[in-house]
Amino acid sequence: GFDRINEALDHLRAGRARLRLAVTQSIGEHLLPDLLLAFDEAHPDYRIDSRVGYSRSIHRRLATGLADLALTEIQPDHPDVLVQKWLDDELVLVCSPTHPFGGRALLSVGDLRSLTFVLRERESSMRITLDRALADIGLADLPIAMEVGSTDTIVEMLDRGRHASFLPRFAVAAAIASGELCRLRIEGLRIRRTLWIARTRNNLDNPVAEAFIRLLRQQAPPDDAESG
């Protein structure tokens, strides 16, 4: 009897030392690796199992108890899911310095029709946000050459100098700073958005979730990364 109770307690403790994390693809590609390594260094007794998915499927995983915590690009709307703001982000228009528009300081909204785009697929969070923002200014039909399921792959394709893309600032800031990509500013258009931390109500006292959220707060870049 005691053995079985101890076994059950061990199982519970193991569950309490583990976090099931769900993140979107861009966050998974660009922000998660450093976070996981920093967390492992700070909390070797805790374990994070992460899964990548679209925001909508992540919201579903949270609501159905398949995930404990999520980092998402679209705010979940569910009574059992609690959200807090994590980072400010923006979808920025980028191209290669060798692109014909590479040296242009400012584009008009009309100029967007003369670019050809490589964009993330329609189900992705950033594309949902982008399509809404462009529809709001009457640009529902940009010339799209291709849809690609990876931000990193799009950046590589832009290097050829023929296409442009809207990508998350957090994913391309380093490439813009190094001169690998040019940021094209558009008169009267900025697509700002928020990245969210989301968790279910029954994870409010999860020690791993608490520790990970503390790390997210420490690792957040200062807001002056926004300048310009």
Side-chain angles (χ1 to χ4, degrees), residues 8-92 124-126 128-129 151-152 167-177 192-228:
L9 282 170
D10 286 344
H11 189 69
L12 260 175
R13 278 190 212 103
R16 301 262 307 158
R18 178 171 154 254
L19 182 73
R20 297 167 305 165
L21 175 69
V23 301
T24 57
Q25 169 121 23
S26 291
I27 291 172
E29 276 183 343
H30 295 277
L31 299 175
L32 189 63
D34 285 344
L35 290 169
L36 290 180
L37 289 169
F39 188 78
D40 184 56
E41 203 170 298
H43 302 280
D45 296 340
Y46 287 164
R47 178 173 148 192
I48 294 183
D49 296 332
S50 57
R51 299 281 177 279
V52 171
Y54 292 126
S55 279
R56 283 174 180 161
S57 73
I58 288 171
H59 300 173
R60 213 164 33 244
R61 287 181 78 82
L62 271 178
T64 55
L66 292 172
D68 304 314
L69 188 78
L71 302 177
T72 176
E73 298 168 64
I74 292 176
Q75 184 173 4
D77 181 18
H78 189 282
D80 293 328
V81 174
L82 302 170
V83 295
Q84 51 184 299
K85 187 174 165 177
W86 176 30
L87 297 173
D88 290 317
D89 187 47
E90 183 178 356
L91 296 182
V92 295
S124 69
S125 311
M126 76 175 85
I128 291 167
T129 304
T151 311
D152 282 343
L167 293 172
R169 189 182 63 210
F170 70 75
V172 293
I176 293 168
R192 301 173 189 273
R193 61 191 199 142
T194 299
L195 306 183
W196 302 93
I197 301 167
R199 58 176 159 169
T200 48
R201 288 184 188 281
N202 58 6
N203 265 289
L204 282 181
D205 61 346
N206 180 322
V208 195
E210 285 301 322
F212 191 62
I213 290 171
R214 273 199 307 277
L215 177 83
L216 292 174
R217 295 264 168 255
Q218 290 160 8
Q219 302 278 104
D223 282 342
D224 63 6
E226 169 53 50
S227 63

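Here, residue 1 is the first one in the sequence, and each next residue gets the next number.
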> Give every donor-acceptor pair under 3.5 Å between a side-chain atom in residues 62-76 and any protein atom, sequence neighbours left out.
unit_1, atom_1, unit_2, atom_2, d
Thr64, OG1, Arg60, O, 2.7
Thr64, OG1, Arg61, O, 3.4
Asp68, OD1, Arg20, NE, 3.4
Asp68, OD1, Arg20, NH2, 2.7
Asp68, OD1, Asn203, ND2, 3.4
Asp68, OD2, Arg20, N, 2.8
Asp68, OD2, Arg20, NE, 3.2
Thr72, OG1, Ser55, OG, 2.9
Thr72, OG1, His59, NE2, 3.3
Thr72, OG1, Ile74, N, 3.4
Thr72, OG1, Ile74, O, 3.2
Glu73, OE1, Arg193, NH1, 2.8
Glu73, OE1, Arg193, NH2, 2.9
Glu73, OE2, Thr24, OG1, 2.5

> Any heavy-atom pair between the side chains of Asp88 and Arg192 that's under 4.5 Å?
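No; the side chains remain at least 4.5 Å from each other.
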> Any chance you could measure Leu32, atom CG, to Ser50, atom OG, to the nearest 0.5 Å?
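So the CG of Leu32 and the OG of Ser50 are separated by 5.0 Å.
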> State which residues pass side-chain hydrogen bond (donor to acceptor under 3.5 Å, both in side chains) with His43; sequence neighbours excluded, sorted by chain then number.
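So His43 forms no side-chain hydrogen bond (donor to acceptor under 3.5 Å, both in side chains) with any residue.
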> Which heavy atom of Ala211 sits nearest to which heavy atom of Tyr46, and what is that distance?
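The answer is CB-CE1, 4.0 Å.
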> Taking all non-hydrogen atoms of both residues, which atom of Val23 and which atom of Gly28 are closest, and how far apart?
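Scanning both residues completely, I find the closest heavy atoms to be CG2-CA, 3.8 Å.
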> To the nearest 0.5 Å, what is the distance between CG (Leu82) and CZ (Arg201)?
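So the gap between those two atoms works out to 4.5 Å.
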> To the nearest 0.5 Å, tell me how far Arg199 CZ sits from Leu21 CG.
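Rounded to the nearest 0.5 Å, the CZ-CG separation comes to 12.5 Å.
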> Between Asp89 (side chain only) and Phe170 (backbone N and O only), is there a donor and an acceptor less than 3.5 Å apart?
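Pair found, side chain donor or acceptor close to backbone of Phe170.
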> Quick one: pull up CD in Gln218 and CD1 in Ile213 and give me the separation to the nearest 0.5 Å.
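Here the interatomic distance stands at 12.5 Å.
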> Step by step, work out the side chain to side chain contact (heavy atoms under 4.5 Å, CB included) result for Ser124 and Gln25.
CA-CA 8 Å; Ser124 69; Gln25 169 121 23; over 6 Å; no
> For the atom pair CZ (Arg18) and CD1 (Ile48), what is the distance rounded to the nearest 0.5 Å?
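Answer rounded to 0.5 Å: 11.5 Å.
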> Locate the shortest heavy-atom distance separating Ala198 from Val83; write the atom from each residue and the value.
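For Ala198 and Val83, the tightest heavy-atom pair comes out as CB-CG1, 3.9 Å.
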> One thing to verify: whether Arg47 and Asp49 come together as a salt bridge, which I'm taking to mean a side-chain N less than 4.0 angstrom from a carboxylate O.
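Answer for the salt bridge query: yes.
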> Is the count of non-hydrogen atoms from other residues, nucleotides or ligands lying under 6.0 Å from Asp77 atom CG greater than 12?
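No - once you tally the heavy atoms of other residues, nucleotides and ligands closer than 6.0 Å, there are 12 at most.
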> Would you give the length of the straight line joining atom CD1 of Ile27 to atom CD1 of Ile58, rounded to the nearest 0.5 angstrom?
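So the CD1 of Ile27 and the CD1 of Ile58 are separated by 7.5 Å.
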> Where do Pro168 and Thr151 come nearest, in terms of heavy atoms and distance?
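The pair with the smallest heavy-atom distance is CD-CG2, 4.4 Å.
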> Flag the pair Ile128 / Arg56 as yes when at least one side-chain heavy-atom distance between them is below 4.5 Å, and no otherwise.
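In short, these two side chains touch, coming nearer than 4.5 Å.
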> Could you walk me through whether Lys85 and Trp196 pass the side chain to side chain contact (heavy atoms under 4.5 Å, CB included) check?
CA-CA 5 Å; Lys85 187 174 165 177; Trp196 302 93; 4.2 Å; yes
> Are Trp86 and Leu31 side-chain neighbours, meaning at least one heavy-atom pair lies under 4.5 Å?
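In contact.
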> How about Phe212 and Leu216: do any of their side-chain heavy atoms sit closer than 4.5 Å?
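Sidechains of Leu216 and Phe212: in contact.
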> For Asp152, give me all partners under side-chain hydrogen bond (donor to acceptor under 3.5 Å, both in side chains), at least two apart in sequence or on another chain.
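Applying side-chain hydrogen bond (donor to acceptor under 3.5 Å, both in side chains) to Asp152 gives His30.
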